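Contents: one structure, followed by commentary.
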There are 2 protein chains.
Amino acid sequence: MRGVNIYDIAKLADVSIATVSRVVNDSSKVNDKTKEKVLRVMEENHYTPNVFARGLGLNSMKTVGLVCPDVSDNYMAKAVAYLEKNLRGYGYDCILYCSGYDEEDKRQAVELILQKRIDALVLIGSNYAGGRDEETSYINEVAGQIPVFMINGYIEGENIYCTLADDYQAVYDATEELIFAGKRRILFLSNSESFSAMQKRKGYEDAHKNHGLPVLEELRLYTENSIHGTRDRLLLCRNLVFDSVIATEDGMAVGALKYARARGISVPGEISVVGYNNSELSISCEPELTTVDARGEILCKSAIDSMMSLLGGEKIRQKTMIKCHLIKRHTTDF
Amino acid sequence: MRGVNIYDIAKLADVSIATVSRVVNDSSKVNDKTKEKVLRVMEENHYTPNVFARGLGLNSMKTVGLVCPDVSDNYMAKAVAYLEKNLRGYGYDCILYCSGYDEEDKRQAVELILQKRIDALVLIGSNYAGGRDEETSYINEVAGQIPVFMINGYIEGENIYCTLADDYQAVYDATEELIFAGKRRILFLSNSESFSAMQKRKGYEDAHKNHGLPVLEELRLYTENSIHGTRDRLLLCRNLVFDSVIATEDGMAVGALKYARARGISVPGEISVVGYNNSELSISCEPELTTVDARGEILCKSAIDSMMSLLGGEKIRQKTMIKCHLIKRHTTDF
DNA sequence: AACTTTTATGTAAGCCCTTACATCACTGTA
DNA sequence: TACAGTGATGTAAGGGCTTACATAAAAGTT
């Protein structure tokens with residue numbers, strides 16, 4: 001049961017364990033002949049260094065913690081997949097924690113995952129923007145120990161690095177486009193009060209203001225990010241009149257589509273719909289959804305680049321903003 | 001930087017490290033007073049046992065490896081989420097590896113993840129059913145070291161435990177239903193030669209045979225599991241005539257829907273469509289998709305239960321089959 | 001009172017690495 | 001020839017935990 005260890009290899013290769021270790025870590029110079037011999041013996045005996053002992057010695061196990069509210073969300077799933085794949089390319093493993101959206105659950109997730117002595121923490125998805133300091137102070141505490149990378153979240157602090165989609169601009173542009181098309185009652189569908197949702201809302205509002213249009217309270221609706229949930233929610237608002245929809249998530253946009261169909265309203269004829277995230281949902285619905293490409297992969301790539309630079313000792317910027325694209329499909333054919 | 005360790009706690013609590021360790025592990029009896037004191041000191045000093053040292057000592061870190069071809073697939077994402085959440089409930093962390101579908105990549109994934117001295121391995125998604133032994137022999141090798149749990153895959157062997165959806169029955173039933181509705185040209189859309197895909201195909205074929213109907217080669221089409229890919233593939237088959245579709249994944253079923261729309265064929269009027277997995281796609285499309293609920297959560301629950309029993313020293317069954325439901329929505333309104 | 005048990009705790013050996021420092025054999029230089 | 005410098009390797013000290021075994025104190029037994 002006890003696998004081969006460094007002593008076995010050392011003995012078989014007729015060298016000291018230090019030399020074996022050096023070969024394994026490719027650290028200081030080892031004579032080519034010796035190296036070759038050691039490698040051969042390692043190979044022959046299927047030697048794999050014990051990660052625990054290694055971790056103990058190095059106080060690092062080349063592991064990063066991934067905290068994600070919900071991997072079954074297509075956008076986040078893609079992010080997790082991308083991060084995992086590429087971090088592995090750098091020799092890092094990922095420990096995953098699906099935290100749920102609750103801020104307290106997230107705190108616990110972080111706490112637990114931290115016990116694994118990870119080298120860095122990646123937080124996927126937006127944080128609450130409530131501004132309540134207690135909610136985010138633990139992140140700052142964590143950042144005291146290891147670098148924290150946020151994908152689409154934003155918290156200011158030492159050793160916290162945020163990569164965000166420019167949600168403000170994206171929604172601003174989308175809203176403007178609807179306004180140009182003559183829409184005057186644009187329903188804003190949102191499901192949270194996260195930092196990112198707030199940016200989107202601000203984009204929506206500013207676009208109105210800058211075009212001299214009023215921002216109507218009644219056109220801001222909170223609902224859950226689910227297709228049927230959103231549909232039903234809208235169905236309940238009998239007196240709500242709108243000529244277009246901007247949703248902060250594709251699921252809600254598709255919900256709006258379902259609502260329109262249920263009510264016999266034509267899309268894009270009578271109302272236009274814009275979603276967010278360019279998830280799979282946006283091409284499975286009918287008509288296919290105009291949506292914002294929130295550049296998940298680009299964000300993750302940027303975060304990984306930053307992380308590697310940082311772990312390599314370089315200094316990196318704390319906030320990186322990535323511009324989004326609006327992908328026009330058929331729910332906004334004017 | 002060097003955090004508090006067991007020696008610090010021992011000194012502060014005026015006991016030996018063995019006692020601290022006993023308290024931490026709740027192992028053999030410790031005097032209540034002493035225990036309380038130690039716990040208090042631990043609390044006060046934010047002591048967390050070093051996982052590496054712990055791993056070294058116990059040769060286990062309470063971690064399970066999750067290998068998943070593609071977390072951005074909704075079905076698997078849900079499985080990963082469920083597994084992660086519930087394993088954590090038992091104190092186990094999950095290391096994730098998104099392997100891709102290639103069998104060689106999977107082998108590498110398993111090899112790498114194994115170096116982390118995980119306590120168990122979970123393989124999500126079906127294995128190739130080619131029957132080529134080399135492809136699966138490494139799994140048997142792994143199983144020599146730690147238990148292997150397969151979700152929807154099937155390999156026979158010591159220490160390999162498989163939990164599967166009864167894909168054969170599910171497709172058999174769905175096919176039969178279409179046959180009863182008078183369909184005689186049922187297109188079978190598949191994307192792989194996995195064990196699971198083979199079961200589905202067998203269900204499709206047997207249903208035909210048992211009802212005295214021929215199994216037509218031309219009605220078995222391989223395509224990729226993507227909406228537009230499938231649509232385009234079908235669009236290319238100008239001479240293919242069919243009155244219904246059974247797809248082995250929802251994405252392909254939705255692709256068939258897109259195809260029908262592109263060709264001006266009405267669903268369910270002219271053709272019926274049945275998908276598989278009850279993913280989010282199946283409710284976002286239009287009309288909403290009749291699909292097989294492949295019981296992802298139930299499968300995972302069963303796997304976790306088995307795992308815990310096994311790690312607890314019990315004996316468990318090696319193969320568990322779970323019955324599926326057909327969820328009727330509107331692509332099969334006859 | 002002289003013992004056996006039981007309960008609580010401590011000691012120290014291991015688990016398998018990394019790495020600072022020591023050593024030794026050369027090469028090159030003065 | 002003596003010595004500094006270089007390269008290759010070894011020695012041994014951690015790193016923080018678990019746990020078998022030893023010990024000591026308390027309780028029970030005769």
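Convention: sequence-line order gives letters A, B, ...; per-chain numbering from 1. In what follows, every heavy atom counts, from backbone to side chain, and hydrogens, waters and symmetry copies are set aside. Just so it is clear, the model here is predicted, and its values are computed rather than measured.
- Side-chain N/O atoms of A:Arg22 and base N/O atoms of D:dG10 include a donor-acceptor pair closer than 3.5 Å.
- Here B:Thr19 lies in heavy-atom contact (under 4.0 Å) with sugar-phosphate atoms only.
- Ring centroid separation for the pair B:Phe149 and B:Tyr161 comes in under the 6.0 Å cut-off.
- For the pair B:Ile17 CD1 and C:dA8 P, the interatomic distance rounds to 20 Å; values are reported in whole Å.
- For A:Ala53, taking side-chain heavy atoms from C-beta onward, the closest of the listed nucleotides C:dT9, D:dG15, D:dG16 is D:dG15.
- Comparing atom distances between the B:Asn5 side chain and each of D:dC17, C:dG10, D:dG10 picks out D:dC17 as nearest.
- Atoms CD (B:Glu36) and C1' (C:dT9) sit 18 Å apart, rounded to a whole Å.
- Atom pair A:Phe52:CZ and D:dG14:C1' shows a separation of 20 Å (rounding to whole Å applied).
- Along DNA chain C, the nucleotide nearest B:Ser16 and the nucleotide nearest A:Leu58 are compared for position; the residue whose nucleotide lies closer to the 5' end is B:Ser16.
- Note: NZ (A:Lys33) to C1' (D:dA8) measures 14 Å, nearest angstrom.
- Distance, B:Asp14 CG to C:dA8 C1': 14 Å, rounded to whole Å.
- Toward the 5′ end of DNA chain D lies the nearest nucleotide of A:Val30, the other residue of the pair A:Val30 and A:Tyr7 mapping further downstream.
- Atom CG in B:Asp26 sits roughly 15 Å away from atom C1' in D:dT18 (whole-Å rounding).
- Put simply, CG on B:Leu56 is 17 Å from P on D:dG14, counting in whole angstrom units.
- No engagement by B:Val24 is indicated, since no non-hydrogen atom pair under 4.0 Å with the nucleic acid exists.
- When distances are taken from the side chain of B:Asn50 to each of D:dT19, C:dT19, D:dG16, the shortest belongs to D:dG16.
- Ion pairing between a basic and an acidic side chain is recognised when a charged N comes within 4.0 Å of a carboxylate O; B:Arg107 and B:Glu103 show no such pairing.
- Minimum atom distance to the side chain of A:Ala18 is reached by D:dG10, of the listed D:dG10, D:dT18, C:dT18.
- Taking 3.5 Å as the limit, the base of D:dG15 and the side chain of A:Arg54 contain no donor-acceptor pair of atoms between them.
- Spacing between atom CZ of B:Arg117 and atom P of C:dC16 amounts to 8 Å, rounded to whole angstrom units.
- Annotation for B:Val71 and A:Ala77: closest pair O-CB, 3.3 Å, computed over non-hydrogen atoms.
- Residues A:Ile124 and A:Cys68 share a closest heavy-atom pair of CD1-CB, 4.1 Å.
- A salt bridge is absent between B:Glu36 and B:Arg40: the closest approach of a Lys/Arg side-chain nitrogen to an acidic carboxylate oxygen does not fall below 4.0 angstrom.
- The shortest distance between the side-chain N/O atoms of A:Asn25 and the OP1/OP2 oxygens of C:dT18 is below 4.0 Å.
- For the OP1/OP2 pair of D:dG15 and a distance below 4.0 Å, the side-chain nitrogens and oxygens of A:Asn59 include no atom meeting the criterion.
- At least one side-chain nitrogen or oxygen of B:Thr34 sits closer than 4.0 Å to the OP1 or OP2 atom of C:dT9.
- Classification of B:Arg88 and B:Glu84 as a salt-bridged pair holds, one side-chain N sitting under 4.0 Å from a carboxylate O.
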